[in-house]
Amino acid sequence: MSLHVEVVADPAPCFALREEVFIQEQGFAPEEEWDDLDAGAEHLLATRDGTAIGTARLLKEPGAGRIGRICVRKSARGTGLGAELVRAGIARLAEQGFTRIVLGAQVRAMGFYETLGFAPCGEVYDDGGVPHREMALVLRD
């Protein structure tokens with residue numbers, strides 16, 4: 001089985017995955033999921049044998065690259081795909097010159113991000129009724 005992660009020009013498959021995972025499965029309201037940032041973002045899509053199974057959104061902010069909207073289809077969880085998406089996002093943002101990468105982690109998933117080198121850097125905040133915390137990774141030369 002072939003896994004492929006790439007930046008896509010057409011984010012429709014990414015949006016379909018976010019609809020499935022964040023809205024249908026996790027219960028986020030559509031108005032909380034969809035925002036104006038999608039238009040200026042890069043969208044990573046992970047496929048296995050041509051089937052979309054994961055996505056992440058990359059944003060450029062002053063002083064940092066941001067990885068967000070990371071989601072993996074339920075059938076592909078526990079396979080290491082989430083870590084692959086985050087690593088691909090880090091690599092892409094590093095190629096663009098960012099040395100600091102940030103994300104807003106669901107508090108229950110902070111341990112996962114810590115294994116990838118991220119550290120908490122802010123207070124817990126509410127995002128759609130789910131506790132989140134800002135985390136950052138500083139890349140070394």
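- Inspection of the E20 and Q26 side chains reveals no N or O donor paired with an N or O acceptor under 3.5 Å.
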**OP:** Could you walk me through whether V21 and V72 pass the side-chain contact (heavy atoms from CB on, under 4.5 Å) test, one step at a time?
**Re:** CA-CA 7 Å; V21 173; V72 173; over 6 Å; no
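- Hydrophobic cluster membership differs between Y113 and F22, with clusters built from Ile, Leu, Val, Met, Phe, Trp and Tyr side chains linked at under 4.5 angstrom.
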**OP:** Please assess L58 against L93 for the test side-chain contact (heavy atoms from CB on, under 4.5 Å), listing each intermediate value before the final yes or no.
**Re:** CA-CA 8 Å; L58 306 180; L93 291 167; 4.2 Å; yes
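- Contact record, F15 with W34: O-CH2, 3.4 Å, taken as the closest heavy-atom pair.
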Original post:
Does the side-chain contact (heavy atoms from CB on, under 4.5 Å) test come out yes or no for V130 and F28, once each step is laid out?
Top reply: CA-CA 9 Å; V130 176; F28 284 91; 3.6 Å; yes
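- Residues I67 and G89 approach most closely at CD1-C, 3.9 Å, considering heavy atoms.
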**OP:** Please step through side-chain contact (heavy atoms from CB on, under 4.5 Å) for the pair V5 and L45, ending with a clear verdict.
**Re:** CA-CA 6 Å; V5 179; L45 180 65; over 6 Å; no
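- Atom CD of E123 is surrounded by 12 or fewer heavy atoms from other residues, nucleotides or ligands within 6.0 Å.
- Surrounding CG of D36 are at most 12 heavy atoms belonging to other residues, nucleotides or ligands under 6.0 Å away.
- For R57 (side chain) and I70 (main-chain N/O), no donor-acceptor pair under 3.5 Å exists by modelled atom type.
- Distance CD1/I53 to OG1/T47: 7.0 Å, rounded to 0.5 Å.
- With sequence neighbours excluded, no residue satisfies salt bridge (charged side-chain N to carboxylate O under 4.0 Å, His left out) with R100.
- Follow the hydrophobic side-chain contacts under 4.5 Å out from V7 and you reach I90 in the same cluster.
- E25 and R18 are not joined by a salt bridge, as no carboxylate oxygen comes within less than 4.0 angstrom of a charged side-chain nitrogen.
- To the nearest 0.5 angstrom, E6 atom CD is 11.0 Å from R92 atom CZ.
- Linking ILVMFWY residues whenever their side-chain heavy atoms come closer than 4.5 Å, directly or via other members, places L103 and L139 in the same cluster.
- Residues V8 and C14 approach most closely at CG2-SG, 3.8 Å, considering heavy atoms.
- By the 4.5 Å heavy-atom criterion applied to side chains, D10 and H43 are not counted as neighbours.
- Looking only at side-chain heavy atoms (C-beta outward), K60 and F98 come within less than 4.5 Å of each other.
- In this structure a side-chain-to-backbone donor-acceptor pair under 3.5 Å is missing from H4 to D49.
- Residues V102 and E61 have side chains in contact (heavy-atom distance under 4.5 Å, counting atoms from C-beta outward).
- A salt bridge is absent between R133 and D127: the closest approach of a Lys/Arg side-chain nitrogen to an acidic carboxylate oxygen does not fall below 4.0 angstrom.
- Side-chain heavy atoms closer than 4.5 Å link hydrophobic residues (I, L, V, M, F, W, Y) into clusters, and following such links, possibly through other members, connects L116 to V107.
- Here the closest heavy-atom approach between residue L85 and residue C71 is recorded as CD1-O, 3.8 Å.
- Ion pairing of E33 with R69 is present here, as a side-chain N (NZ or NE/NH1/NH2) and a carboxylate O approach within less than 4.0 Å.
- Counting heavy atoms from C-beta outward, M110 and P120 have side chains that approach closer than 4.5 Å.
- Hydrophobic clustering of Ile, Leu, Val, Met, Phe, Trp and Tyr side chains at less than 4.5 Å, counting indirect connections, keeps M135 apart from L59.
- The minimum heavy-atom distance between G82 and F112, with the atom names listed, is C-CZ, 3.6 Å.
- Taking all atoms of both residues into account, the shortest heavy-atom contact from R73 to A52 is NH1-O, 2.6 Å.
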